[in-house]
Amino acid sequence: MPIRRFGGHRSLVSHSQLSKLSYGYTNMNMSRAGYRVFSANSTSACTELAKKITEVDVMESVRGQDIFIIQTIPRDVNTAIMELLVMAYALKTSCAKNIIGVIPYFPYSKQCKMRKRGSIVCKLLASMLAKAGLTHIITMDLHQKEVQGFFNFPVDNLRASPFLIQYIQEEIPDYRNAIIVAKSPSAAKRAQSYAERLRLGLAVMHGEAHQSESDMPDGRHSPPLSRTVTGHTGLELPLMMAKEKPPITVVGDVGGRIAIIVDDIVDDVEDFVAAAEILKERGAYKIYIMATHGLLSAEAPRLIEESAIDEVVVTNTVPHEVQKLQCPKIKTVDVSMILAEAIRRIHNGESMAYLFRNIAVDD
């Protein structure tokens with residue numbers, strides 16, 4: 001029987017399909033039918049999160065077990081998705097009782113709406129996961145909560161806000177003099193939730209320095225370009241005027257305050273850098289960015305380091321150790337505790353309501 005190492009412990013594998021995968025697993029509580037937790041890839045970030053959630057033990061068979069697959073999403077998103085699909089299918093064919101994906105950042109979650117004639121990739125991914133054998137998903141702060149409707153099995157969408165709020169209270173000196181800022185009107189509800197729980201004021205930024213995601217050209221034309229036609233031309237529709245976005249303005253007084261911008265994802269940071277410059281001009285003396293998922297793509301670390309932003313605080317749902325080495329302004333909040341508790345409660349058949357206590361609907 002082949003032996004794999006995970007976290008310094010030996011793990012025995014009995015199924016030929018599973019032996020070809022890179023993983024670790026644990027048996028934390030063998031009451032009921034027992035369960036195990038697998039790390040879906042061998043990247044250091046994924047195994048590190050798995051170690052924080054679990055303690056490693058030796059097991060042999062997955063038959064009749066509740067299996068939890070932890071999959072963080074590194075740079076190579078599509079490889080990570082295939083790892084998850086292959087592993088889920090291997091567990092399904094090994095007669096696992098339930099296969100639960102622990103996916104702290106759900107990939108392609110922004111592609112959850114129809115853009116012109118494009119596909120809704122998030123819906124496609126949900127269907128693929130179900131077909132591969134997953135029966136449940138634990139994730140955190142979906143870009144749109146309505147994404148849960150794409151799945152035909154349960155989805156637990158946990159929240160990182162309690163951890164980020166705790167960071168604000170414990171790590172930001174004089175946070176009582178802060179104001180919560182929504183980078184755009186669409187983020188106002190999330191910002192309002194933070195402001196109410198911290199008993200702070202709220203400011204909303206309006207306008208954009210760059211094109212929004214929905215306005216970006218995608219190589220297609222809808223409706224198609226006009227061309228010469230013969231015969232009946234059909235109904236003539238009124239000419240639609242093109243949208244014009246105003247320059248960035250701030251609704252609310254940030255003068256002499258600490259500005260805390262809250263969002264769910266920090267990816268390309270140009271908008272955050274532009275917002276920070278405006279807030280500095282309006283008198284904010286410190287600027288923090290608080291977000292759940294720190295994708296920090298492309299030149300994000302360099303742009304943050306050279307900007308007016310004082311700190312970018314994200315959770316460890318996405319690996320970003322390289323970016324932290326490039327930019328000391330990036331800080332990490334650990335959310336493994338809530339993921340571990342979710343795993344325990346699901347396996348024991350306990351209510352998940354405790355994990356959502358004091359969580360606002362718009363959070």
Side-chain angles (χ1 to χ4, degrees), residues 37-41 43 45-54 68-74 77 80-81 84 100-112 122 125-126 129 134-151 153-168 187 189-191 193-194 197 262-267 289-296 312-321 330-347 351-363:
V37 178
F38 289 72
S39 172
N41 64 56
T43 62
C46 191
T47 54
E48 185 63 29
L49 182 60
K51 287 177 187 177
K52 289 183 178 181
I53 293 174
T54 67
F68 296 83
I69 308 174
I70 299 172
Q71 178 63 305
T72 57
I73 304 299
V77 177
I81 292 171
L84 181 60
I100 300 96
V102 183
I103 313 171
Y105 169 67
F106 194 80
Y108 293 107
S109 60
K110 277 192 171 183
Q111 297 187 32
C112 58
C122 192
L125 181 54
L129 292 173
L134 263 70
T135 59
H136 196 141
I137 278 182
I138 302 171
T139 187
M140 183 167 282
D141 282 334
L142 288 168
H143 185 61
Q144 297 287 342
K145 298 177 184 63
E146 293 77 11
V147 166
Q148 294 172 81
F150 291 164
F151 298 85
F153 52 74
V155 176
D156 285 309
N157 182 29
L158 304 177
R159 306 293 196 276
S161 57
F163 298 91
L164 296 175
I165 287 173
Q166 183 180 22
Y167 184 94
I168 292 171
K189 288 185 177 180
R190 181 188 300 271
S193 175
Y194 276 70
R197 280 186 282 173
V262 297
D263 214 331
D264 62 329
I265 298 173
V266 178
D267 191 358
I289 310 295
M290 311 290 296
T292 303
H293 310 296
L295 304 185
L296 302 168
V312 175
V313 183
V314 294
T315 73
N316 56 342
T317 57
V318 177
H320 55 267
E321 293 305 315
I330 300 171
K331 308 296 181 184
T332 307
V333 174
D334 180 26
V335 294
S336 60
M337 181 191 306
I338 194 171
L339 295 171
E341 181 63 14
I343 290 172
R344 189 191 70 80
R345 285 176 174 271
I346 288 172
H347 173 67
S351 171
M352 296 288 284
Y354 178 79
L355 302 182
F356 296 93
R357 70 193 190 284
N358 302 323
I359 299 295
V361 174
D362 298 319
D363 199 1

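Note that the numbering runs from 1 along the sequence shown for the chain. This one's a predicted model, so the numbers in the text were calculated from it and none came from an experiment. Only this structure's heavy atoms are used, side chains among them; waters, hydrogens and symmetry mates stay out.
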Among all residues two or more places apart in sequence or in another chain, which pass the side chain to side chain donor-acceptor pair (under 3.5 Å) test with Tyr167? Glu311
Those residues that, when tested against Glu341, pass side chain to side chain donor-acceptor pair (under 3.5 Å) (two or more places apart): Arg344, Arg345
What's the verdict on side chain to side chain contact (heavy atoms under 4.5 Å, CB included) for Val77 and Tyr108, showing C-alpha distance, side-chain angles and the deciding distance? CA-CA 9 Å; Val77 177; Tyr108 293 107; 4.1 Å; yes
Can you check whether Asn157 reaches Phe106 side chain to side chain, under 4.5 Å on heavy atoms? no
Under the side chain to side chain contact (heavy atoms under 4.5 Å, CB included) rule, collect the residues that match up with [X], sequence neighbours excluded.
X      : result
Asn316 : Leu49, Lys52, Thr332, Asp334, Val335
Lys189 : Asp362
Ala291 : Val266, Val314
Ala342 : Ile138, Leu158, Met352, Leu355

Please report the interatomic distance [atom1]([X]) to [atom2]([Y]), rounded to the nearest 0.5 Å.
X      : Y      : atom1 : atom2 : answer
Thr315 : His320 : OG1   : NE2   : 7.5 Å
Lys110 : Ile265 : NZ    : CD1   : 5.0 Å
Leu142 : Asp264 : CG    : CG    : 9.5 Å
Arg357 : Tyr354 : CZ    : OH    : 3.5 Å
Asp156 : Phe356 : CG    : CZ    : 5.5 Å
Leu339 : Ile103 : CG    : CD1   : 11.5 Å

Please list, chain by chain and in numerical order, all residues satisfying ring-ring contact (aromatic ring centres under 6.0 Å, His included) with His293, sequence neighbours excluded.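 Testing His293 for ring-ring contact (aromatic ring centres under 6.0 Å, His included), a comparison that skips the adjacent residues, returns Tyr105.
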Suppose we screen for ring-ring contact (aromatic ring centres under 6.0 Å, His included). Which residues come up paired with Phe153, at least two apart in sequence or across chains?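 Expected list: Phe151.
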Over all atoms of both residues, closest heavy-atom pair of Pro104 and Thr139: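 So the two residues come closest at O-OG1, 3.4 Å.
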State, to 0.1 Å, how close Ser351 and Ala353 come at their nearest heavy-atom pair, and which atoms those are.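 Nearest heavy atoms, Ser351 then Ala353: OG-N, 3.1 Å.
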Sub-3.5 Å donor-acceptor pair from the side chain of Asp141 to the main-chain atoms of Arg159, do we have one? no
Between Gln71 (side chain only) and Ala80 (backbone N and O only), is there a donor and an acceptor less than 3.5 Å apart?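 Yes: the side chain of Gln71 pairs with the backbone of Ala80.
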Can you name the salt bridge (Lys or Arg N to Asp or Glu O under 4.0 Å) partners of Glu321, sequence neighbours left out?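 With neighbours one apart ignored, the set is empty.
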Please enumerate all residues that pass salt bridge (Lys or Arg N to Asp or Glu O under 4.0 Å) together with Arg197, with sequence neighbours excluded.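 Here the qualifying residues are Asp363.
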